[in-house]
Structures are given as structure tokens and as C-alpha cells.
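Since the structure comes first, as C-alpha cells, the remarks are kept for the end.
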Amino acid sequence: MSASSPSSNPSGALEEHPASPCADVRAYLDHLAYERRLSLHTIRNYEIDLEDLYRWLDRQELDATHLTHKQLRAYLAELDQAQYARTTINRRLSAVKGFYRWMNATGRLDANPASPLSGPKQAARLPNVLTQKDIEALFALYPLDQAASPEQIRDAAVLELIYATGARVSEISDLLLVGVDLRQKEVKYVGKGSKERIVPMHDLACKRLMLYIEQARPALLAGKASELCFVSTRGKRYSEDAIRRMFKEALLRAGLDANLSPHALRHTFATDVLAGGADLRSVQEMLGHASLSTTQIYTHVTPERLKEIHAQAHPRG
């Protein structure tokens, strides 16, 4: 598999793949892009992980279509011996299991050799969040009452929307203009697995979006047409990579930790609304989590809220 970047369409699905080690892998990546509609970033990670597996198979002189679970376990053991992080090993295992599950489901293999495998247990990692002081420093870069360039107005709207709705970067990049309803103060996202969800917006997010849509977006499009809400300086899709670069630059200018990703804003949204009294099910809906257990990780950062609820609810509180 080549390191060259595949092109993307407005939905984020791959239009073409770099050369992959076999037709099965290319077909699987197409399945992830067109049928499961995973983000380009996620598909690239799957490609990298499967590329690593195939390099190991070449060294061992093994055939990917004639493997046993013991041989795949040997692959994982080699990663462990090489002192790969548990998160990396589990990510590789997830890619391998997904690939062989698909191979089995599509009739390319009679059995799934990866099904008995399990990865190393990981210590629960707490999500990175920004404090309210950090949030204030970040948005102080984009004062509403000062003249700004179209790019600055767009970037302020992007950051405000992520923090206001807990959106993923891929969802912001793929957001359609028709998905923004300023009158109803809500936005429609298409998340993982093409699942749609509608999330409410607060007034400040609506204000920044209106400024972007009415002033900055037409200037960036310069007469071009686009169904997408957020566009680049060339009037094309504002890509996930470009949004991540923008966020890193904003963190540096605000004097904050530049190692954070835009996902930290999504985490901050979740922890802040829980601290404000939102119930876990509602936060699950707004984040687009398939499982409530995924959302529960955010409960760790609201001990004061838990103490308050306990004091109110307990008979001896």
C-alpha cells in the first residue's frame, strides 16, 4: 500500500485507493467507504494496520487466506514483544478482526480465524478536556465585535459548532448547508454508519453560523456552488486535516496545549453538559454514541455534580 493520499468526495468516502497488497484489502476499504461510510481518516488507519499485517505475513511466508487463529495470535505476540502500546495492539487487532469478519461474511473465507482473538486489557483513559479558562482563551481569538477575514469567521464558526454540539471533525467537514436550521436552532449530522442525528444549538453558535453563512461563505465560494456548509479558501470541502491544522494553530496562538485535537472540544462539550445537569441518555443521543457505556466515561469529570445529586437524593443527605 502506498503512502499517497486517496482523494475524497463530499461525503468523506474514498473515491480511489492507493495500491493495496491484494484485491481483498482494496475491496474491504471500499466497503468501509461506500457501505459503512466511515471517515477518510478512519479508513486510512485501517489501511495502515492491514499493511502492517501483510508485511508480517510476507516475513513469515504465510497466506492471508489460509491462516489459523494461532498464527494471528503469534502476530499479536510479536507486537507485544516489540513493546507496542496496548492501544496500538488493540487497534491493529480491531482492523484484523474487521477484515476477516468481512472476508467470512462475503464468502471469501469459510471461517473467521480472528474471531477467537482478544487484545490486551487497557487501563481506562480519561478524555482530554479544556477548562473554561482554556475555552475563553480559545474563543478570545475570534471576537464577534471586530472585523475578521472570511477564513477567521469560518474557523470561529467551526470551533463554536464543535463545542456547542459535540460534533466529530468528520461530521463538521461533511455537514451540508441544508443540515443547518438557524430558525429552529438545530443541526443535522450524519455520523458513523450513516446514522443521522439532530442536535440543538445555543444562541452564540447560531450567531457565529449566521455570520459565516451570510458573509464569509459567499466570499470563500467566489461564485462557485457547493452543498457543503464549510468550504475551503478554494471553495471546496473544508477537509478534516485542514480543520485539525487550524485547531492546532489556534491552540498555539491562545497559548494552550498544541497536542490536543479538535476531539477535545467534543469531550469538553460532553463533560460540560453533564456537569450542567443533562442526563446520560440525552448526551448519548447528542454525541451519536451507539452504546451508553461509551458515554459513561464522561461521568468521571463531574464529581461536584454527583455530590450535589447525592446530597439531594439521599435520605440522610
Side-chain angles (χ1 to χ4, degrees), residues 8-13 37-39 135 138-139 142-145 148-233 235-240 242-243 246-247 262-263 265-274 276-290 295:
S8 62
N9 61 26
S11 70
R37 295 181 64 82
L38 299 186
S39 72
I135 291 291
L138 182 64
F139 286 104
Y142 308 98
L144 271 166
D145 57 351
S149 68
E151 293 87 351
Q152 290 172 323
I153 295 173
R154 174 201 61 199
D155 293 344
V158 165
L159 296 178
E160 192 75 66
L161 192 57
I162 295 175
Y163 178 50
T165 62
R168 302 177 178 93
V169 172
S170 59
E171 293 168 346
I172 293 292
S173 184
D174 292 341
L175 179 63
L176 299 178
L177 186 61
V178 295
V180 178
D181 190 336
L182 294 175
R183 179 171 295 182
Q184 295 295 324
K185 298 181 181 180
E186 59 188 30
V187 60
K188 180 191 290 184
Y189 294 121
V190 179
K192 292 182 178 181
S194 300
K195 292 181 180 177
E196 292 186 354
R197 71 182 189 281
I198 295 175
V199 185
M201 295 184 289
H202 53 61
D203 289 342
L204 185 54
C206 290
K207 193 171 183 179
R208 287 200 186 271
L209 269 172
M210 182 179 294
L211 185 64
Y212 164 71
I213 292 170
E214 292 182 353
Q215 294 186 27
R217 188 173 181 274
L220 292 170
L221 284 172
K224 298 176 185 175
S226 176
E227 294 181 343
L228 294 166
C229 180
F230 294 107
V231 295
S232 69
T233 52
K236 297 183 178 180
R237 179 176 178 264
Y238 198 20
S239 71
E240 297 167 45
I243 293 173
M246 175 271 289
F247 184 65
H263 219 66
L265 281 178
R266 174 173 160 88
H267 294 323
T268 306
F269 159 81
T271 56
D272 284 355
V273 293
L274 277 171
D279 64 274
L280 209 56
R281 287 285 182 188
S282 297
V283 177
Q284 178 192 4
E285 281 292 318
M286 289 187 283
L287 291 174
H289 284 160
T295 316

Min side-chain heavy-atom separation [X]-[Y] under 4.5 Å:
X      : Y      : result
Thr165 : Met286 : no
Lys185 : Asp203 : yes
Phe269 : Ile162 : no
Leu138 : Leu265 : yes

Exercise. Could you note down all residue pairs passing salt bridge (Lys or Arg N to Asp or Glu O under 4.0 Å) where residues 208-222 supplies at least one of them, sequence neighbours left out?
Key: Glu160-Arg208
Please check if the side chain of [X] supplies one atom and the backbone of [Y] the other of a donor-acceptor pair under 3.5 Å.
X      : Y      : result
Gln215 : Tyr212 : no
Ser173 : Val169 : no
Ser282 : Ala278 : no
Arg266 : Leu287 : yes

What's the separation between atom [atom1] in [X] and atom [atom2] in [Y], rounded to the nearest 0.5 Å?
X      : Y      : atom1 : atom2 : value
Ser239 : Met246 : OG    : CE    : 10.5 Å
Asp279 : Leu274 : CG    : CG    : 8.5 Å
Tyr189 : Ile198 : OH    : CD1   : 12.0 Å
Leu177 : Ser226 : CG    : OG    : 8.5 Å
His202 : Lys207 : NE2   : NZ    : 12.5 Å
Thr233 : Arg154 : OG1   : CZ    : 6.5 Å

Exercise. Inspect the contact between Arg197 and Glu186 and indicate whether a charged nitrogen and a carboxylate oxygen are less than 4.0 angstrom apart.
Key: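 No.
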Quiz prompt | Charged N-O contact under 4.0 Å between Lys188 and Asp181 | solution = no
Quiz prompt | With Tyr163 via ring pair (Phe, Tyr, Trp, His ring centres under 6.0 Å) - residues at least two apart | solution =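 Testing Tyr163 for ring pair (Phe, Tyr, Trp, His ring centres under 6.0 Å), a comparison that skips the adjacent residues, returns none.
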Exercise. Show the numbers, then the answer: is there a side-chain contact (heavy atoms from CB on, under 4.5 Å) between Phe139 and Leu204?
Key: CA-CA 11 Å; Phe139 286 104; Leu204 185 54; over 6 Å; no
Quiz item: Regarding Tyr238 and Asp174, is there a side-chain donor-to-acceptor distance under 3.5 Å anywhere?
Solution: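 No donor-acceptor contact under 3.5 Å links the two side chains.
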For a quick test of reading the model, state the closest non-hydrogen atom pair linking [X] to [Y] and the distance between them.
X      : Y      : answer
Ser232 : Leu220 : O-CB, 3.7 Å
Ala205 : Met201 : CB-CB, 4.3 Å
Gly235 : Leu221 : O-CD2, 3.7 Å
Cys206 : Leu182 : O-CD2, 3.8 Å

Quiz item: How about Glu151: does its CD atom have over 12 heavy atoms from other parts shown lying under 6.0 Å from it?
Solution: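 Above 12, so yes.
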Self-check item: Passing option when Leu175 is tested against Val158, Leu228, Val180 for side-chain contact (heavy atoms from CB on, under 4.5 Å)
Solution: Val180
